[in-house]
Amino acid sequence: PLIILALGNLYDLGIGPSSFTYRPLDASAHQIRLIRFHPQDELHSNSNRPLKATIKHISLKANLSYLALSYVWGDPTRTKSLLLDGQVLQITENLDQAIRHLLSVDDTPLRIPDRFIQDTRRPTSPRKILNLRNYIWVDAICINQQDDVEKSWQVQLMRNIFEKAN
């Protein structure tokens, strides 16, 4: 499903310093980045431990299942560290909290409250849920916010990104 949590002005965020270095995407292959979060002990109770994830480049033409999340909310200067492939990427505190809410430590999926979901395809089955087995596309993480050229063509792909999400 298309999951949108409190949309805001993503493309003007001044997110703090990170050590994460994005590998370039291949625009001609319509590549995007997907992330998968690692299982962690005390994920919900210890918000001081950074979330850990891996990142993967895929073509939109590939047949890979993923969820799509567009998220911006809160003070962009208040950040938390995300360990992405062993490197630090700063994300907003509120995005960190939202991810922690959506993930489950024991891999038992959590239901997303309806008030946080806008699904334009009107699903007939129960809402999909995020768990540690899912790949996820999060615009604030999967688009290099420091690269204006990448942002421009990735934004043009967003409709396709959301249409292909399951």
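Sequential numbering from 1 along the given sequence is applied to the chain's residues. These numbers were taken from a predicted model, which means no experiment stands behind them. Excluded from the calculations below are hydrogen atoms, water molecules and symmetry mates; all remaining heavy atoms, backbone and side chain alike, are included.
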Engineer: Is there side-chain contact between Lys80 and Pro50, with at least one heavy-atom pair below 4.5 Å?
Structural biologist: no

Engineer: Please find the pair of heavy atoms, one from Ala53 and one from Leu82, that lie closest to each other, and give the distance.
Structural biologist: CB-CD1, 4.3 Å

Engineer: Determine whether a donor-acceptor pair (N or O, by modelled atom type, separation under 3.5 Å) exists between the side chain of Arg33 and the backbone of Asp139.
Structural biologist: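 No; judged by distance alone, with no hydrogens or angles, the pair does not exist.
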
Engineer: Can you tell me how far the OG atom of Ser65 sits from the CD1 atom of Ile136, to the nearest 0.5 Å?
Structural biologist: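 Rounded to the nearest 0.5 Å, the OG-CD1 separation comes out at 11.5 Å.
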
Engineer: With a 3.5 Å distance limit and no angle check, can you tell me whether Thr79 reaches the backbone of Thr92 through a side-chain donor-acceptor pair?
Structural biologist: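 Not confirmed, Thr79 side chain does not pair with Thr92 backbone.
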
Engineer: Donor-acceptor pair, distance only, cut-off 3.5 Å: does the side chain of Glu150 make one with the backbone of Pro24?
Structural biologist: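 Not a single qualifying donor-acceptor pair exists.
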
Engineer: Please check if the side chain of Glu163 supplies one atom and the backbone of Ile161 the other of a donor-acceptor pair under 3.5 Å.
Structural biologist: no

Engineer: Let me see the working for Glu93 and Arg78 under salt bridge (Lys or Arg N to Asp or Glu O under 4.0 Å), right down to the final yes or no.
Structural biologist: CA-CA 6 Å; Glu93 282 184 356; Arg78 297 184 63 177; 3.2 Å; yes

Engineer: Drop me the distance from Gln97's CD to Ile99's CD1, to the nearest 0.5 angstrom.
Structural biologist: 11.0 Å

Engineer: Count the heavy atoms belonging to other residues, nucleotides or ligands that lie under 6.0 Å from CG of Asn63, then report whether that count exceeds 12.
Structural biologist: no

Engineer: Out of curiosity, Ile55 CD1 to Ile141 CD1, how far, rounded to the nearest 0.5 Å?
Structural biologist: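 That separation rounds to 8.0 Å.
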
Engineer: Would you find a donor on one side and an acceptor on the other, under 3.5 Å apart, between the side chain of Ser59 and the backbone of Ala29?
Structural biologist: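 Here the side-chain-to-backbone pair exists.
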
Engineer: Name the residue from Tyr22, Trp137, Trp153 that meets the side chain to side chain contact (heavy atoms under 4.5 Å, CB included) definition with Ile143.
Structural biologist: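 Among the candidates, only Trp137 passes.
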
Engineer: Tell me, with the steps shown, if Arg100 and Asp96 meet salt bridge (Lys or Arg N to Asp or Glu O under 4.0 Å).
Structural biologist: CA-CA 6 Å; Arg100 288 175 192 278; Asp96 180 87; 2.7 Å; yes

Engineer: Step by step, would you call Leu64 with Leu34 a side chain to side chain contact (heavy atoms under 4.5 Å, CB included)?
Structural biologist: CA-CA 10 Å; Leu64 183 64; Leu34 296 178; 3.6 Å; yes

Engineer: Going by side chain to side chain contact (heavy atoms under 4.5 Å, CB included), Leu84 matches just one of Thr54, Ile35, Ile91. Which one?
Structural biologist: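 The passing option is Ile35.
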
Engineer: What's the spacing between Asp85 CG and Lys52 NZ if we round to 0.5 Å?
Structural biologist: 12.5 Å

Engineer: Of the options Gln154, Lys61, His57, which is the one that meets Gln31 in a side chain to side chain contact (heavy atoms under 4.5 Å, CB included)?
Structural biologist: His57

Engineer: Apply the test side chain to side chain contact (heavy atoms under 4.5 Å, CB included) to residues Leu157 and Phe162: give CA-CA distance (whole Å), side-chain angles for both, the deciding distance (0.1 Å), then the verdict.
Structural biologist: CA-CA 9 Å; Leu157 290 179; Phe162 283 106; over 6 Å; no

Engineer: When you compare the side chain of Leu89 with that of Gln87, does any pair of heavy atoms fall below 4.5 Å?
Structural biologist: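 Gln87 vs Leu89: side chains apart.
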
Engineer: Show the nearest heavy-atom pair for residues Lys164 and Tyr66, with the distance to one decimal.
Structural biologist: CB-OH, 3.4 Å

